[in-house]
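This report concerns only the one structure given below.
Chain letters run A, B, ... following the sequence lines, proteins first and then strands; every chain starts at 1.
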There are 2 protein chains.
Amino acid sequence: MGRVSDAKERLMNAVSELIWSGSYGSTTIDHICEKAGVKKGSFYYFFDSKSELAAEALEAGWKSKQAELDRIFSPMVPPLDRIRKYCEFSYKFQREIKEQYGRVLGCPQFTLGSEICTQEDRLQKKIQEILDYKRKYLESAIRDAHAAGLIKAPDPAHKAGMILAYYEGLLTQARIQNDVDVLRDTVGGIFAMLGVKETEGAVA
Amino acid sequence: MGRVSDAKERLMNAVSELIWSGSYGSTTIDHICEKAGVKKGSFYYFFDSKSELAAEALEAGWKSKQAELDRIFSPMVPPLDRIRKYCEFSYKFQREIKEQYGRVLGCPQFTLGSEICTQEDRLQKKIQEILDYKRKYLESAIRDAHAAGLIKAPDPAHKAGMILAYYEGLLTQARIQNDVDVLRDTVGGIFAMLGVKETEGAVA
DNA sequence: TTTGTAGTTGAATGTTTAGTCAAATAAATG
DNA sequence: CATTTATTTGACTAAACATTCAACTACAAA
């Protein structure tokens with residue numbers, strides 16, 4: 001079965017990091033190859049364009065994040081706690097990223113989506129798909145919270161869309177301002193939108 | 001006083017449109033010149049880089065938008081109505097853009113900011129400045145609403161930041177999904193965040 | 001140990017891009 | 001009308017970039 005290699009993985013990691021810490025437009029195939037320690041010929045052996053590589057990397061990145069989200073949004077956890085945990089996780093994650101890269105980088109999918117949606121159809125579709133999955137995590141937590149009488153949310157899908165917009169907007173603000181502090185009270189805004197009363201929203 | 005020209009203005013219009021309908025990275029000096037009907041030599045006569053042109057265009061674009069915002073956020077208008085009008089205006093504006101370009105384009109500053117904030121310091125600062133002005137419009141409406149007893153918002157600056165994140169997040173979602181419908185109930189989310197009771201939020 | 005296969009390499013290609021400049025041109029002013 | 005000043009032009013260079021390919025290499029199975 002011939003020679004073996006992890007060059008493909010290295011290329012996917014490299015492209016993800018370069019796009020996230022910079023932008024899609026500023027990420028060239030040369031840079032990707034250099035970062036991955038791979039020669040251009042090998043790049044074209046595995047992929048036939050930057051956008052194809054980006055699409056595969058996006059998919060892989062999402063797959064690896066999913067496990068974490070499944071844990072956070074486990075139906076075993078009380079619904080409002082899921083949301084609170086998600087906000088805490090996100091805040092902590094961005095703090096670590098800032099530590100590591102010297103920069104708040106926000107949400108990879110939202111940032112990339114906003115940049116390329118008018119130009120790269122395949123990527124745009126993949127991103128929309130991922131964002132929709134994210135929305136579904138929120139939606140089920142909201143539905144459960146409604147069923148438990150914790151909040152009034154007769155249209156969980158709509159509420160989830162609103163909350164996702166807020167969440168992604170905050171992350172993008174944090175990226176633009178390079179300031180994690182923006183994210184400190186993420187959950188406050190979400191609970192306000194959900195009409196959670198202070199007492200119900202209290203930490204256990 | 002020598003030859004006169006509107007080439008500078010044409011260049012600023014061209015760059016704004018190209019970045020907004022595409023991205024900063026995909027906008028080249030050649031494209032800008034072609035769109036503006038200006039030769040490259042002239043470009044470098046007026047500006048010495050794409051980022052300098054973009055910064056001037058950003059400033060000019062903001063100046064021209066300010067008048068409209070002053071009207072919408074006039075202290076003569078009841079505070080919650082200002083916010084409602086702003087949402088309606090924004091929704092209508094994006095519908096017109098979609099009509100005109102075949103695409104929802106969202107917020108020029110937020111989209112650009114998210115793309116270039118890690119790479120173009122000067123632009124990042126300008127954008128942060130503009131976003132902060134936007135926040136101030138919301139902040140004063142919130143403060144007035146609080147003073148009028150319409151809502152409870154002891155920290156209007158913080159609330160305004162939350163609402164701006166939501167608003168920009170929605171616009172970006174609309175851009176990514178190329179769907180104005182996302183914006184239909186913008187005000188619903190804002191009023192939920194502000195804790196506006198249905199009756200108080202009712203249209204006059 | 002041979003052979004098939006998966007992956008690697010570096011050099012070469014053509015294209016796009018940013019950036020420069022000296023000469024030409026058009027308007028305004030004296 | 002002559003001169004000054006602002007703007008335009010097109011042709012040029014050099015670097016960055018994407019893309020191709022034939023020859024080469026390492027591994028695995030037969």
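Between A/Gly41 and B/Thr27, the one whose closest nucleotide on DNA chain C sits nearer the 5' end is A/Gly41.
If you check every strand for non-hydrogen atoms under 4.0 Å, B/Ser42 touches a base. Across all strands, B/Phe43 comes closer than 4.0 Å to no nucleic acid atom at all (heavy-atom distances).
B/Arg10 has its CZ atom 11 Å from the C1' atom of D/dT7, to the nearest Å. Distance B/Asp48 CG to C/dC21 P: 13 Å, rounded to the nearest Å. Rounding to whole angstrom units, CG of residue B/Asp6 and P of C/dA26 are separated by 16 Å. Per the geometry, NZ belonging to B/Lys8 stands 13 Å off P belonging to D/dA6, to the nearest Å. Rounded to whole Å, the distance from CZ on A/Phe47 to C1' on D/dT20 is 18 Å. The interatomic distance linking B/Asp30 (CG) with C/dA18 (P) rounds to 6 Å, in whole Å. If you measure from atom NE2 of A/His31 to atom C1' of D/dA15, you get 12 Å, rounded to the nearest angstrom. Taking atom CD1 of residue A/Ile32 and atom P of nucleotide D/dA16, one finds them 17 Å apart after rounding to whole Å.
Residue A/Phe46 comes nearest to A/Glu52 through the heavy atom pair O-OE2, 4.2 Å, listed as atom of the first residue, atom of the second, then distance.
In terms of phosphate contacts, B/Ser5 brings a side-chain nitrogen or oxygen within less than 4.0 Å of OP1 or OP2 of D/dT8. Of the side-chain N and O atoms in A/Tyr45, one or more sit less than 4.0 angstrom from OP1 or OP2 of C/dG7. Considering only side-chain N and O atoms, A/Tyr44 lies nowhere under 4.0 angstrom from the phosphate OP1 or OP2 of D/dT20. The shortest distance between the side-chain N/O atoms of A/Lys39 and the OP1/OP2 oxygens of C/dT8 is not below 4.0 Å.
Side chain A/Lys40 to base D/dA18: a donor-acceptor pair is found below 3.5 Å.
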Between N or O atoms, less than 3.5 Å apart, protein on one side and nucleotides 22-27 of chain D on the other: list the pairs.
unit_1, atom_1, unit_2, atom_2, d
D/dT25, O2, A/Arg3, NH1, 2.7

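Distance check, rounded to the nearest 0.5 Å: CD1 of A/Ile127 to SG of A/Cys117 gives 8.5 Å.
In this model, a donor atom of one side chain and an acceptor atom of the other lie less than 3.5 Å apart for A/Gln124 and A/Gln128. If you check the side chains of B/Tyr167 and B/Ser90, you find a donor sitting under 3.5 Å from an acceptor.
Taking the six-membered ring for Trp and thresholds of 30 and 60 degrees, A/Tyr137 and A/Phe73 have ring planes inclined between 30 and 60 degrees apart. Ring geometry, A/Phe89 versus A/Phe93: the interplanar angle falls under 30°, so the pair is classed parallel (tilted spans 30 to 60°).
Tested against A/Lys98, the residues A/Val104, A/Asp179, A/Leu105 include a single side chain to side chain contact (heavy atoms under 4.5 Å, CB included) partner, A/Val104.
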